[in-house]
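The analysis underlying the following values was restricted to heavy atoms, covering all of them including side chains, and did not include hydrogens, waters or symmetry mates. Quick note on labels: first sequence line is chain A, next is B, and so on, each numbered from 1. What you are looking at is a predicted structure, and each value in this text was computed from that prediction instead of being measured.
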Amino acid sequence: MTPDAVGLTAKEAERVRQLCGREPNDLEWGLFGALWSEHCSYKSSKRVLAWLPKEGPQVVAGPGGNAGVVRLDDRMEVAFKVESHNHPSYVEPVQGAATGVGGIIRDIVAMGARPIALMDSLRFGLEGNGQRLRDGVVAGIGGYGNAIGVPTVGGEVYYGPGYAKNPLVNVLCVGVRQSKDAIVGASGARPGQMVYLLGQATGRDGIHGASLLASRDFSADDQDMRPTVQVGDPYTGKLLMEATLAAIETGGVAAVQDLGAAGLVSASSELAVQSQVGLELHLDQVPCRESAMSGYEIMMSETQERMLLVLNSAHGGEALAAISQWGLNATPIGRVTASGRYVLYFGEREVANLEASWLVDGCPLTPAGKDLVAPAFKPMRPSPGSMEEGVEEGFDAGALMAIASDPDCRERRPIFQRYDSMIQTATVWGPDHEVSVLTVDGSPWGLALAVSGIGRWAAVDAYAGGAAAVSVVVSRLATQGAVALGLTDGLNAGNPDKPEVKQAFEQMVLGIRDAARALDVPVTGGNVSFHNETDGAAIWPTPVIGGVGRHFHPTAPVADSLNRPDVTLLLINPALSPSLGGSVWERQHGVLTAYPRVRLSDLAHTVTWLGTAVSDVDADIRAVRAVADGGLWLALVKMWLASAPSVGMTVTLEAVHAMPRLLSEEAGQFLAAVATTRVEATLLQLQSNAIGCLVVGQGHDGDYLELQVGRPSRWTRRWSRSQMRAAWQSWEGDSGGSGTP
Amino acid sequence: MTQFRLRMAVTLKPEVLDPAGQATQQVVHERGFPEVSELRIGKVVDIAMHAHSAEDALAKARRLGNEFLANPVLERFEVWVQSDET
Amino acid sequence: MTQFRLRMAVTLKPEVLDPAGQATQQVVHERGFPEVSELRIGKVVDIAMHAHSAEDALAKARRLGNEFLANPVLERFEVWVQSDET
Amino acid sequence: MKPKVAVIRFPGSNCDRDTVQAFQSLGAETTILAYDREDLEDATHVVLPGGFSYGDYLRAGALAAHAPIMQALVDAISRGAIEVLGICNGFQILCERGILPGALFANVSGQFRCSWEWVEVLTPPARWPGFRRGMRFRLPIAHADGAYRIGHSDREALWAQGSVFLRYVDPDGQETGEYNPNGSWEAIAGISEGPVMGLMPHPERAMQPWLGSKDGRLFLSLWLQEVPQ
Ligand SMILES: Nc1ncnc2c1ncn2[C@@H]1O[C@H](COP(=O)(O)OP(=O)(O)O)[C@@H](O)[C@H]1O
Ligand SMILES: [Mg+2]
């Protein structure tokens, strides 16, 4: 075995030799190759991720473990994290997505938390096999989540050319656990304790999945490098989840670590490092599904549905009994030592002898840029023929309908209907809302959950896109008056060895940092997926942000639609000079310019005000939505279509910049419907808080949406509900409902 | 032209985990069939097709298997003629 | 005892509607296989089993088919020996 | 006699906790019974909950139908000693075991479907007179294999015996006879025979207005023959 066969550079190989003080054997080279891969070592991102804020009084566990944990109340804690499964989903969409769901669920379980919700963030190409990939991915996510019994309560899907050969599949899982003094995780192992492997027998699945597949770009001649595809087994996953939680419940578990990328070597060495102990593992004792598996294969296998447990001597027996109740066996495969060494045996033979920290922390990291300030905003030349340039006033009804029916904007029912969103009977608001609301057993409070990350917004100005993703998520939580407790970030990008990719990545993280700081939310964990690049074509940098908020009245969410027409429509914190940068409209017209910078301090202000305003018992605010893709226009369309048939709306805009006003996707704006009798009071409140506001329309009791532009109105246009619904649900015309929702 | 009836068995590659087969084997093993030592589940596709000859039909069916019926990442297939009728 | 490898095809009874097969047939029909006039999808189960004789193995497999592998309301099955190894 | 509800947990069941909670919220004493028991303890009412028993591998419900506790259930039914409710996967298991007629096959769409539906009582079961003809419930479905099918020869008997308990009706409440979320024969959503009832929708998920409907409370109360709370 040569170092480059396991993916190590000459420099890295030299470092390995230095650490070991000798020439490693083949197996050892393999272990280094896997753990020093981009996917496992975070070598290109670790120093950049360190910029993110991770502290807060509510934070129980920040980045570093399997998932972040925040405090919901005195008794309950929330574990959550986003994980990507992009490369496997391209190779085999159904199983790739399914195993991604299984993997993130095990991360949450490894924190001792019971998974209560999933959300998925998907990106595909519009042309070619985008539809086939999407159908497979959706089948895979549903197939796993539905069967294991964790509801998929929301998600998002967007399209773009770079995703055609690099689809993104990011999944967020949220779990809850009771606050306990001893936090279960990977750090509790103590010398003398036994190490057990739990779950599926080990096969040759996915060997090199993480180290080679996910840590390199794709090219056409990668075919034979493809490992045996991992297959998700939600049935065993369910038993494993229950058995692990039951074992933890007994108090017999000292440490737990799920097996994911780079399988046993990654899980065991990480556990050793986190617990600051040595480990002695006997590979011949690992139950195998296939015959004659080598030590190397056993260490590298990415067979799913496995957990590593370290049991303590006091209650370990009870933990084993609890596990067998669920029909699973825990196999002892080694013990914890005080030596600090990481030693592997096959039979009597010692086959590796290293320090676990060499594997986990030894990889040389790429230095991060020193430039810790936001890059200057570069206003771009306006898009050719854009309204900003030519059409100073007026509007284009056809363009508006094209936005409502755009694949990035239209209704997602054909997707989310394939997910069980209601199991566990806590879903108050599910995937047909932009923010999900759940009750939490054992707490009077609930959770508000949101996920967002529009690559289009980061395409030109990654800083702006990163900040915007955080802004949208926090805005959505704010529409519920929820307090944002923490964020998780799934960062997807191309090949980090390319300077432009590295730079965009850093700027994306800076944007996330600045927004998270301004909005006072820590980032407690996340994921980085590089090498989303095939034959030299990379994706837009895509920051998928997930947010968890404390909801104070989860059984009565703040409405996002109306059942009475006596309202005035307000655009709160409106864009100062509405820009179409990065919008759907621009993408439709074949040009992308820079997405506007979110005014973070204005947004922070607005979020604070909303927090009290939406919970006001006087219910001045009857419905509210955060503006994002499709701009104010899409927010209006969605609010109206979700409203009772007796509610109509008339939207009134100045002629100047009417279209940018409607279609600007600048995050931080809110569409609110306020009881007309209370509008004056609301406007006064906003004014005294120095929050900008535009009155943009009125409710009425005709069943239509009317747009009036110019005062007095110079253009008007009216849409019936069925017209608008047909546009927004334009997937319905597609054959068999399998078009492009 | 003759109408051929073909049958295709689409099965998981031997090294690929078969959760369905595994669970089924475990249950039948426990419930009265201890002699079953392995059980794997795949798809069978019965096809009726007009063709000039059996070879012709088989060739078409193989293309069908490659392009539609089997997922080359996970599966392989065999196809054979069951009967022909003129 | 000999180890037998058997194969069972579990198929929908001919009078039972097969929406999956129909949908597939339509797709392949449109995409370059107009000669396919019928396509039905069932399951294939590959079984390894120790038995004294082929008859013995087949009899067991038939019981397995009746009790577990086929749903008598809508399905039927055929089973045959693929190979034996001592 | 106060009802004692037992919810059977098969490996892979995943609505067991929801179902226990639902019955407890109705004030019924409710426990979980493991699939590998050979008796039903002192249960008066047995519920087979939703989920993916054995992953729904092979066929939905097929492997669970052979679990040891199922023999105890068959015996108790023949003694007339028990009332049985199968929800979703539970319904599939009852059909696979032959306790209820017919079979549940893949939705015609070929896809899992989770949605709110209206169902209507077609034939009130003799055993549960509280369900009156024409009564409607708004309940969620969540299944990939919910298309009810039955052999030609058994269809007449199904009608004759009054087994056709529930059917899906149009979301607008119009009985067009065309609405069918999964392709069930005759839009059947539930069957009842003697002391056994099975349905695909999930009443245990419709226990609170904020979850979308509380019709499940009424449904389960009528099944328990308890005054709804
Ligand atoms: N973008 C990110 N932001 C914050 N933390 C991150 C990010 N990416 C990874 N991390 C943290 O690094 C650690 C290792 O991540 P990962 O290897 O994905 O974990 P696992 O193997 O358990 O899925 C985790 O604690 C994760 O939260
Ligand atoms: Mg982990």
Can you find a pair of side-chain heavy atoms, one from C:Leu39 and one from B:Val45, that are under 4.5 Å apart? yes
Interchain contact, C:Arg7 with chain B, by part (heavy-atom threshold 4.5 Å): side chain
Counting only heavy atoms closer than 4.5 Å, note whether C:Glu67 contacts chain B via side chain, backbone, both or neither. side chain
Tell me, out of B:Leu6, B:Ile41, B:Asp46, B:Val28, who's got the most heavy-atom pairs with chain C below 4.5 Å. B:Asp46
Would you please test C:Val44 and B:Val10 for side-chain contact (heavy atoms from CB on, under 4.5 Å) and show each step? CA-CA 8 Å; C:Val44 65; B:Val10 182; over 6 Å; no
Nearest 0.5 Å, what's the CZ-CE distance between C:Phe33 and B:Met49? 7.5 Å
Reported CZ-to-CD1 distance for the pair C:Arg40 and B:Ile47, which is rounded to 0.5 angstrom: 13.0 Å
Any salt bridge linking C:Glu38 with B:Arg5? Criterion: basic side-chain nitrogen under 4.0 Å from a carboxylate oxygen. yes
Approximate separation, where rounding is to 0.5 Å, of C:Glu35 CD and B:Gln3 CD: 11.5 Å
Out of C:Gly42, C:Ala9, C:Ala61, C:Gly21, return the one with the most heavy atom pairs under 4.5 angstrom to chain B. C:Gly42
Show your working on side-chain contact (heavy atoms from CB on, under 4.5 Å) between B:Phe68 and C:Val27 and close with a plain yes or no. CA-CA 9 Å; B:Phe68 288 98; C:Val27 171; 3.8 Å; yes
